[in-house]
Protein chains: 2
Amino acid sequence: MIEKLSPLDIRTLQERVYQQLRDALYQGRFAAGETVTIRNIAAALGTSAMPVREALQRLVAEKALVQLPSRSVTVAPFALEAFTELTRIRMSIEGMATDRAAKYGPASLADTLDAINAEMQMAIASGFTEDVLEANKRFHFAIYEAADMPQLLEIISNLWLRTGPYLGMAYRKGSSVPFSMGITIHSRIIAAIRMRDGRKASQGLALDIWAMARWFKNHHLANGASDPQPAVLSSLE
Amino acid sequence: MIEKLSPLDIRTLQERVYQQLRDALYQGRFAAGETVTIRNIAAALGTSAMPVREALQRLVAEKALVQLPSRSVTVAPFALEAFTELTRIRMSIEGMATDRAAKYGPASLADTLDAINAEMQMAIASGFTEDVLEANKRFHFAIYEAADMPQLLEIISNLWLRTGPYLGMAYRKGSSVPFSMGITIHSRIIAAIRMRDGRKASQGLALDIWAMARWFKNHHLANGASDPQPAVLSSLE
DNA sequence: ATCGTTGATGTGTGATCACAGATAACTCTG
DNA sequence: CAGAGTTATCTGTGATCACACATCAACGAT
């Protein structure tokens, strides 16, 4: 009986609108600063305004979108200070998750990460940046899930939703993301996890986040004509 | 001209509903597990269902309320594991904020904190627990604001919204919260901040959070008949 | 006695509408 | 030719309604 039928999508319309918008945002498919209107999206999705407006409000509540004083909703324009602060927060919070994953995670974690890192290296070699980004995300979240702290995981997901668009945006403009350095750092993290050295793993992860942020800043500000960042970790500490 | 008129409240209805619910939740005025319906609240507030349902969805998005599979919204019932995890997260995140406040905050911070701590001691002496809780909150947030990280501040506010109800609930049941110990810990934090010792300040703050959580667990579980927690910090580390 | 059915009631969801605020182009006045 | 006022248009907000789903109690069949 069961195998003759396929499960249905019982999510509410609002939920589906939300997830579609969330994905689009995460992949940077909306331009920063772009304003997003209820009726436009409703028309694009073929729904009424109702589910769209609730999805938008939810995204605003999660800080994935911002609401102007005029009450219209826009994609947050890039702001250096906000980005720097987010990076600092991520280094701390994701570092904490990594510490716990290293100390108390399953013994199989290091092997899982090795496999993902190998896939990432292959993706780099073949040049599919989209796949590289995806593998990088999988690498990080494999660690965070191993920390076995569901609420922390959600906080981290939210932070990625806020930072993600910038990276996607940057590589969409055709820049070669320096992921090869990432591979090396990842290996160091794996080694630390294998030795259950939470401190080293956490520091490695923070370095990974920091290096990516520094690259992004230099790349982004090059187009915006501003000072490149010094290659010293302390500037973010 | 200007001084003849007083400014109006231009917030949307939804916003006002949201803030009223948020306050009520934070003060523990809703029982854990209680289900909250749109029409009831709308009737109580004298509005239509529309702004209420949007406020509720916002609170769900912020994890201040939970949505059951039946799609009705309830106040999250107390769950020990969730509380323990939240405490751990708070120790880390609020510790980070404290570290920065100590290192880079204004020189006046220590004096401000001393004043608040004195007020708190007075409130303890006079027995107004509500005032004690309020002073305690002011103490903590004076530190977090000094860290000058607006996004981090919002994350912390959200964490307090999730943890706050339990403390309010407990003291509402007539328990004497052991705040006198808090005063001592606070003094240690102030001393560390005065010396710009971020590490010590952050450890002191984590201890403050941890001690409060431990008291709550013992108190709460005493009613629920379970094992009291050992008085060792490592159990949470 | 147990399980399934039926109904009543209460609930969230989504569509639709009326309306006020915002914005920008335009017009009129000085 | 400014600058204040006007207008047209687009936007979010809030009210209201129809509907489907959830829940639970009373009832009936087995």
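The sequence lines fix the lettering, A, B, ..., with proteins before strands; numbering per chain opens at 1. Keep in mind that this is a model prediction, so the values were computed, not measured.
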Quiz item: Are the charged groups of B:K63 and A:E62 less than 4.0 angstrom apart, N to O?
Solution: no
Self-check item: Rounded distance (Å) that lies between atom C1' of D:dT13 and atom CD1 of B:I10
Solution: 14 Å
Quiz item: With the sugar-phosphate defined as primed atoms, P, OP1 and OP2, and the base as all remaining atoms, what B/S/- string results for nucleotides 7-19 of chain C, 5' to 3', for protein heavy atoms under 4.0 Å?
Solution: ----BBBBBB---
Quiz item: Is any NZ, NE, NH1 or NH2 atom of the basic residue among B:E15 and B:R22 found under 4.0 Å from an Asp or Glu carboxylate oxygen of the other?
Solution: no
Quiz item: How would you list, by chain and number, every residue that makes a side chain to side chain donor-acceptor pair (under 3.5 Å) with A:S70, sequence neighbours excluded?
Solution: A:S72
Quiz item: Ion pair present between B:R138 and B:E134, side-chain N to carboxylate O less than 4.0 angstrom?
Solution: yes
Quiz prompt | A:E85 side-chain N/O to B:Q151 backbone N/O, donor-acceptor pair under 3.5 Å | solution = yes
